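What you see is a predicted model, and the numbers here were worked out from it, not measured in a lab. All chains are named by letter (A, B, ...) in the order of the sequence lines, taking the proteins before the strands, and each is independently numbered beginning at 1.
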Amino acid sequence: MTIRTRFAPSPTGNVHIGNIRAAIYNWLFSRHGGGEFLLRIEDTDLERSTPAAVKTVLDSLAWLGLTYDGEPLYQSTQKARHLEVAEMLLSKGAAYKEDKGGTGKGECIIFKMPGKDISFHDEVKGDLSKKAEDLKDFVIVRSDGSPVFHLGNVVDDITMGITHVIRGDDHVENTFKHMAMYEAIGAPAPKFAHLPMIVNAQGKPYSKRDGAAYVGEFQEKGFLPEALFNSLALLGWSPGDDREVMTREEMVAAFTLDRVRSAPSQLDMTKLLWMNGEHLKRHGPDEIVAGCRAAMQRQGRWRDGIDPAYFRAVVACMGERVRLYGDVGEQAAFFFDDEFPYDEKSVKKRLLKEGAIGILREELAALEAVEPFTAAATDAALHALGERTGRQMGDLVHPVRVAVSGTGVGPGLFDMLATMGKERVVRRIRRTLSIYGG
RNA sequence: GACCCCAUCGUCUAGAGGUCUAGGACACCAGGUUUUCAUCCUGGUAACACGGGUUCGAUUCCCGUUGGGGUCGCCA
């Protein structure tokens with residue numbers, strides 16, 4: 001039997017990382033086994049399941065490269081089938097009608113638990129069982145005639161021929177109900193695997209207030225999809241050796257359900273950032289430039305006047321300091337704006353220091369004479385100035401750095417100067433001198 | 001509360017009775033490289049929740065305790 005898994009989100013406008021991790025595991029598992037990965041949109045809540053919400057799901061899957069087979073099945077189209085099964089259950093005596101709780105809203109259809117203990121083998125948690133007295137009958141069709149989650153979920157999985165249901169831990173209790181339904185319907189039950197939750201530092205389910213919790217947020221921040229994919233895959237699963245930074249293909253090859261842990265785990269942003277940097281190293285300059293530009297546009301920092309060649313040079317100059325696409329916009333904004341702000345501490349430490357302004361004037365003169373304005377040439381010019389005046393390089397480098405960037409941290413000074421070009425450097429040093437030169 | 005599940009460094013994990021003086025990664029600390037920061041290199045700190053068993057021998061198996069989580073809807 002070929003493996004067939006599915007991802008069955010209910011579109012709410014956001015795709016939670018716990019949810020997408022389930023999708024990743026389903027995808028990895030089916031691809032590893034040469035099977036299929038299907039998509040079902042559980043859009044029965046018409047209020048929330050707007051086209052935009054559905055698009056969010058589709059976009060998140062596409063961004064992460066979670067390709068699905070065939071067309072997505074929209075659960076709302078299956079209502080007749082669900083009700084048909086409910087009627088069948090009714091006629092079999094496996095379900096009954098009742099005005100539950102005497103609401104007066106009319107009768108709903110309730111599934112009757114078989115009155116026996118139910119157990120199943122979970123592919124990650126092992127054998128699970130529940131006593132008959134702990135299992136209660138439950139509604140499968142509301143009094144308004146609409147099918148409830150349990151009914152739709154089970155019927156659709158049967159319709160789609162799902163062989164493995166890999167889902168969140170919060171569904172284990174449901175699985176006992178679902179097992180009973182498969183039996184009553186007379187369909188073979190799929191295998192189940194329940195994934196531990198992603199929790200926060202307090203051990204509670206990871207939510208928006210713990211940081212980015214939705215796929216879209218990671219995308220906006222400029223994370224690489226393969227880095228998020230890799231990190232999420234490693235949250236609860238490991239290949240068994242010491243590999244961590246892996247490609248999609250490597251993960252597909254190594255993925256098995258028996259290597260999935262059953263204990264909840266925390267998402268460590270710092271490690272995610274590191275992971276992102278590792279994956280970034282595998283990208284070519286063109287991709288990185290494009291990614292950084294897109295991030296700057298999202299940040300609202302991009303301006304049409306920015307010269308593409310200059311932008312490219314800046315990204316190259318930032319080099320491995322870029323761990324996130326958004327870093328260029330946040331840490332290298334001064335490259336693009338001559339009116340950059342000055343960091344007070346750096347100014348105090350480097351420019352307002354005894355003699356610093358005088359040094360800066362000498363440096364300006366020296367730099368103006370450099371031609372061509374390369375990193376090596378500016379380096380040589382300042383070295384020469386240092387030797388001539390008996391000053392340490394540190395005393396020469398820092399004032400210039402602050403004068404052209406406003407901050408004390410950044411790429412190597414000479415690379416930075418060469419990237420900016422003589423004209424810009426001179427202009428900036430003059431501006432600084434006019435502000436702090438007295 | 002009832003039922004179910006979980007428990008190795010701060011975090012993610014390896015470990016499926018002796019190979020464990022418990023390995024790796026991130027983070028952290030120290031040193032080196034460097035004009036700053038980052039990178040990079042070297043080294044270091046740091047864990048089997050507790051108590052009983054089983055066994056010649058338990059991180060590994062069993063039971064209990066403690067702690068944590070999940071579920072108890074005409075939500076999904």
Side-chain angles (χ1 to χ4, degrees), chain A residues 8-12 19 42-45 48-49 75 98-101 103 105-110 122 124-126 128-131 133-136 138-150 152-153 167-177 194 196-197 199 201-205 231 234-245 258-259 261-275 277-278 281 318-323 327 331 346 349-350 379 382-383 386 392-402 405 407-414 416:
Chain A
S10 62
T12 60
N19 234 266
E42 304 212 334
D43 59 345
T44 51
D45 181 347
R48 304 171 81 182
S49 302
Q75 189 162 57
E98 185 185 294
D99 178 8
K100 196 184 175 197
T103 59
K105 282 190 288 188
E107 293 186 316
C108 54
I109 301 177
I110 298 173
D122 189 288
V124 347
K125 303 175 91 71
L128 263 26
S129 64
K130 198 102 174 170
K131 296 209 172 54
E133 59 264 37
D134 294 322
L135 267 3
K136 295 191 300 185
F138 56 96
V139 175
I140 54 175
V141 178
R142 299 186 188 87
S143 53
D144 67 2
S146 62
V148 167
F149 162 75
H150 302 292
N153 198 266
R167 56 180 15 167
D169 230 354
D170 47 334
H171 281 296
V172 293
E173 303 291 326
N174 290 335
T175 306
F176 295 102
K177 295 176 178 176
H194 290 94
M197 319 221 81
V199 299
Q202 286 71 246
K204 306 285 185 196
S231 292
L234 251 27
L235 223 49
W237 172 81
S238 74
D241 45 39
D242 289 333
R243 283 182 296 167
E244 294 207 285
V245 181
D258 62 343
R259 292 207 56 83
R261 275 172 60 88
S262 52
S265 46
Q266 296 182 29
L267 177 66
D268 182 356
M269 270 308 173
T270 312
K271 189 158 185 177
L272 212 202
L273 228 36
W274 165 79
M275 179 69 82
E278 293 300 304
K281 287 178 186 169
M318 287 293 285
E320 290 191 0
R321 284 170 186 75
V322 178
R323 300 177 91 189
D327 287 349
Q331 293 166 24
S346 301
K349 190 173 175 193
R350 307 299 189 189
D379 190 346
L382 289 203
H383 261 96
Q392 299 291 313
M393 272 310 270
D395 292 332
L396 299 179
V397 161
H398 298 301
V400 177
R401 172 184 294 288
V402 177
S405 73
T407 173
V409 299
L413 179 66
F414 303 113
M416 204 159 87

Student: May I ask you to say what A:Arg48 touches in the nucleic acid, namely base, sugar-phosphate or nothing, with a heavy-atom cut-off under 4.0 Å?
Tutor: nothing
Student: If you measure from the P atom in B:C9 to the same atom in B:U35, how many Å do you get, rounded?
Tutor: 41 Å
Student: Can you tell me how far C1' in B:G43 sits from the matching atom in B:C6, rounded to whole Å?
Tutor: 36 Å
Student: What's the gap between B:G69 and B:U45 when it is taken at their C1' atoms, as a whole Å value?
Tutor: 31 Å
Student: Would you please confirm or rule out a distance under 4.0 Å between OP1 or OP2 of B:C40 and any side-chain N or O of A:Lys281?
Tutor: yes
Student: Find the distance between CG (A:Leu234) and CD (A:Glu244) and round it off to the nearest 0.5 Å.
Tutor: 5.5 Å
Student: Pick base, sugar-phosphate or nothing for A:Gly236, based on heavy-atom distances below 4.0 Å to the nucleic acid.
Tutor: sugar-phosphate
Student: Distance check, P atoms only: B:C48 and B:U11, in whole angstrom units.
Tutor: 12 Å
Student: Find which nucleotide of RNA chain B each of A:Gly408 and A:Pro9 is nearest to by heavy atoms, and output the residue with the more 5' nucleotide.
Tutor: A:Gly408
Student: Using OP1 and OP2 only, check whether a side-chain N or O of A:Arg261 sits under 4.0 Å from B:A14.
Tutor: yes
Student: Side chains of A:Ser10 and A:Arg48: is there a donor and an acceptor less than 3.5 Å apart?
Tutor: no
Student: Spell out protein contact along nucleotides 60-74 of chain B as letters: B when the base is contacted, S when just the sugar-phosphate is, - when no protein heavy atom is under 4.0 Å; keep the 5' to 3' order.
Tutor: ---------SBSS-B
Student: What is the nucleic acid contact for A:Leu135, judged by heavy atoms within less than 4.0 Å: base, sugar-phosphate only, or nothing?
Tutor: nothing
Student: On a whole-Å scale, what distance lies between the P atoms belonging to B:U42 and B:C61?
Tutor: 36 Å
Student: Taking only the side-chain nitrogens and oxygens of A:Ser129, find out if one of them lies under 4.0 Å from OP1 or OP2 of B:C4.
Tutor: no
Student: Counting only Watson-Crick or G-U wobble pairs whose two distances fall under 3.5 Å, which nucleotide matches B:C28?
Tutor: B:G44
Student: Using a 4.0 Å heavy-atom cut-off across all strands, classify A:His150 as base, sugar-phosphate, or nothing.
Tutor: base
Student: Which parts of nucleotides 20-34 of chain B does protein reach within less than 4.0 Å, heavy atoms only, written one letter per nucleotide 5' to 3' as B for base, S for sugar-phosphate only and - for none?
Tutor: ---BBBSS-------
Student: So which nucleotide does B:A16 pair with, by the Watson-Crick or G-U wobble rule with both distances under 3.5 Å?
Tutor: none
Student: Base, sugar-phosphate, or nothing: which does A:Leu234 touch, judged by heavy atoms less than 4.0 Å apart?
Tutor: sugar-phosphate
Student: Whom does B:C3 pair with, Watson-Crick or G-U wobble, provided both distances fall under 3.5 Å?
Tutor: B:G70
Student: Is there side-chain contact between A:Phe149 and A:Asp45, with heavy atoms separated by less than 4.5 Å?
Tutor: no
Student: Considering only NZ, NE, NH1 and NH2 on the basic side and carboxylate oxygens on the acidic side, decide whether A:Asp241 and A:Arg243 come within less than 4.0 Å.
Tutor: yes
Student: Mind checking the C1' distance from B:U13 to B:A7? Whole angstroms is fine.
Tutor: 14 Å
Student: A:Asn153 pairs by side-chain hydrogen bond (donor to acceptor under 3.5 Å, both in side chains) with which of A:Lys177, A:His171, A:Arg167?
Tutor: A:Arg167
Student: Can you tell if the side chain of A:Phe138 reaches within under 4.5 Å of the side chain of A:Val148, non-hydrogen atoms only?
Tutor: no
Student: Answer yes or no: is there a donor N or O on one side and an acceptor on the other, between the side chain of A:Arg259 and the main chain of A:Ser238, under 3.5 Å?
Tutor: yes
Student: For a quick check of understanding: with a heavy-atom distance under 4.0 Å over all strands, which category does A:Phe176 fall into, base, sugar-phosphate or nothing?
Tutor: nothing
Student: Can you check whether A:Met393 reaches A:Leu413 side chain to side chain, under 4.5 Å on heavy atoms?
Tutor: no
Student: Of A:Ala263 and A:Thr44, whose nearest nucleotide on RNA chain B comes first from the 5' end?
Tutor: A:Ala263
Student: Mind checking the C1' distance from B:C50 to B:U59? Whole angstroms is fine.
Tutor: 14 Å
Student: Pick the P atom in B:C3 and in B:A47, then give their distance to the nearest Å.
Tutor: 36 Å
Student: How long is the span from the CD atom in A:Glu173 to the NZ atom in A:Lys130, to the nearest 0.5 Å?
Tutor: 3.5 Å
Student: Quick one, A:Lys125 and A:Val172 - any side-chain contact, counting heavy atoms below 4.5 Å?
Tutor: yes
Student: Can you tell me the pairing partner of B:C50 across any strand shown, Watson-Crick or G-U wobble, with both distances under 3.5 angstrom?
Tutor: B:G64
Student: From the set B:A14, B:A2, B:U35, return the single nucleotide nearest to any side-chain atom of A:Asp134.
Tutor: B:A2
Student: Check residues 394-402 of chain A and write down every donor-acceptor pair under 3.5 Å in which the side-chain atom is one partner and the other belongs to a residue at least two apart or another chain.
Tutor:
unit_1	atom_1	unit_2	atom_2	d
A:Arg401	NH1	A:Pro411	O	3.1
A:Arg401	NH2	A:Pro411	O	3.0

